[in-house]
Amino acid sequence: MEECNPTEIFTNLQCNSTMLYLKCFMVLNQSEKPFIAVLCFSIGGLCIIENFLVLFLIFSSSKLRKKPSYILLSSLALADTLATVTFVSSFLSFHVFNRTGASKEIYLLKLTGVNTSFTASLGSLFLMAFDRYICILRPSHYKQLVTRRRAVVALLVLWATALFLSSLPLLGWNCCSTQSTCSQLFPFVANSYLSSWIILVMVLLASIIYAYMHVLWKAHQHTANMKKHHLEESQQNPKRRIDIKLAKTLSIVLMVLVICWLPGLLLMAYSLFSIMDNSIRVAFAFCITLCLVNSMVNPAIYALRSKELSSSLRRICSCLGKVLGNSESNQEAESS
């Protein structure tokens with residue numbers, strides 16, 4: 001088969017040379033494919049189970065599903081679930097099974113689904129950070145400013161915006177229609193669109209970090225004041241303690257997000273200015289699977305640190321235990 005020339009394939013318009021063009025993006029060798037397939041299936045499976053559990057716990061509780069913070073949390077769990085399904089199916093189909101029969105439109109449609117889910121996930125984290133920012137810095141006005149209706153409206157705007165921005169390559173902003181330089185990492189994607197998406201993600205990350213710096217600073221001030229006045233934990237405002245704990249929980253989520261996304265973002269930015277060889281693009285293929293790790297770790301953090309979710313889980317497990325116990329007793333009675 002004809003070898004791919006990176007200088008030509010990524011700098012000239014190659015949209016009509018289907019097979020060779022797409023095969024230039026299939027950089028995994030036969031020893032790497034099984035490893036990354038097992039990685040995607042195992043992490044993806046855990047991610048779907050965990051996020052479904054979070055959604056179930058929230059919507060099975062009339063108390064939790066009415067709280068704005070948990071409405072935003074359910075959006076994050078839904079986005080992570082959709083991102084896992086769309087990413088794993090598309091990634092394995094292309095990089096592991098090397099299916100090149102799809103048209104340009106089908107490929108860009110799959111990319112739209114993956115991009116929408118990950119953008120909505122990041123946007124949900126942004127709204128959650130803003131929610132905690134208001135809760136900690138303006139606690140007396142929190143209930144008036146953050147309502148259930150406003151949370152739902154914000155999420156509708158978020159998902160609509162994520163869908164619109166992610167569908168731009170499908171609608172015409174791609175290197176085939178604009179006759180611009182093609183990305184070295186994503187087929188048919190224009191470098192101009194990729195650079196715009198990287199800027200959007202960096203702005204969102206910077207906004208989240210800015211909000212959480214203030215949240216953690218306030219939490220630190222509150223803890224210092226408690227120590228200064230020699231107040232025991234039992235004397236502190238219970239709601240204040242919960243808010244600070246939730247802020248710290250979401251800060252851990254943010255730290256995991258940055259660790260999982262930063263390597264991929266850096267390689268995306270690098271691809272805009274330099275020709276990437278196959279080894280770097282193989283590294284990128286493994287780096288973007290870190291996004292699955294992020295989606296898997298998020299619900300685990302909630303289950304470990306959220307008392308309301310933990311108590312809801314214990315209550316459901318207790319109910320299931322009673323049901324199973326009653327069914328076993330009935331079976332024994334029938335047999336006797």
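Every heavy atom of this structure was used, including side-chain atoms; hydrogens, water molecules and symmetry mates were not.
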Using side-chain heavy atoms (C-beta onward) and a distance below 4.5 Å, is [X] in contact with [Y]?
X	Y	result
V152	L156	yes
Y270	I280	yes
C135	V146	no
L265	W197	yes
M26	F94	yes
T81	C47	no
I49	F52	no
I198	L272	yes

Whether over 12 other heavy atoms sit under 6.0 Å from F286 CZ: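 Yes, CZ of F286 has more than 12 neighbouring heavy atoms, counting only those of other groups under 6.0 Å.
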
Is the side chain of [X] donor-acceptor paired with the backbone N or O of [Y] at a distance under 3.5 Å, no angle test?
X	Y	answer
N51	S295	yes
S274	S271	no
T147	R150	yes
S90	F87	no

Steps toward side-chain contact (heavy atoms from CB on, under 4.5 Å) verdict (Y70, L73): CA-CA 5 Å; Y70 283 97; L73 181 57; 3.6 Å; yes

Under-2.5 Å SG separation for cysteines C260, C291: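 No, C260 does not link to C291 through a disulfide.
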
Search all heavy atoms of [X] against all heavy atoms of [Y] and return the closest pair with its distance.
X	Y	answer
P68	A151	CB-CB, 4.1 Å
L57	L64	O-CD1, 3.9 Å
I36	A285	CD1-O, 3.9 Å
Y193	S166	OH-CA, 3.6 Å
P263	L290	CG-CD1, 4.1 Å
R281	Q184	CD-O, 3.3 Å

Sequence neighbours excluded - salt bridge (charged side-chain N to carboxylate O under 4.0 Å, His left out) pairs with any residue from residues 27-50: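 Qualifying pairs, neighbours excluded: none.
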
Qualifying residue for side chain to side chain contact (heavy atoms under 4.5 Å, CB included) with L55, from P299, S75, S74: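 By the side chain to side chain contact (heavy atoms under 4.5 Å, CB included) criterion, L55 pairs with just one of P299, S75, S74: S74.
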
Cluster link [X] to [Y], ILVMFWY, side chain under 4.5 Å:
X	Y	value
V27	F97	yes
F118	I199	no
I134	V157	no
V203	L125	no
W159	V153	no

Test of ring centre spacing under 6.0 Å for F186 and F284: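 Close enough - the centres of the two rings lie under 6.0 Å apart.
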
Set of residues satisfying ring pair (Phe, Tyr, Trp, His ring centres under 6.0 Å) with respect to Y210, sequence neighbours excluded: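 With sequence neighbours excluded, Y210 shows a ring pair (Phe, Tyr, Trp, His ring centres under 6.0 Å) to H214, given in chain and number order.
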
side-chain contact (heavy atoms from CB on, under 4.5 Å) assessment of T119 paired with L165: CA-CA 9 Å; T119 304; L165 295 177; 5.5 Å; no

Rounded to the nearest 0.5 Å, what separates atom [atom1] in [X] from atom [atom2] in [Y]?
X	Y	atom1	atom2	answer
L76	I71	CG	CD1	14.0 Å
L163	N115	CG	CG	10.5 Å
M268	N191	CE	CG	12.0 Å
L309	I58	CG	CD1	5.5 Å
I43	I48	CD1	CD1	12.5 Å
Y133	S207	OH	OG	11.5 Å

Chi angles and distances behind the side-chain contact (heavy atoms from CB on, under 4.5 Å) call for I208, L122: CA-CA 9 Å; I208 296 171; L122 187 60; 4.2 Å; yes

Parallel, tilted or perpendicular: rings of H95 and F91 (30°, 60°):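 Judged by the thresholds at 30° and 60°, the geometry between F91 and H95 is tilted.
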
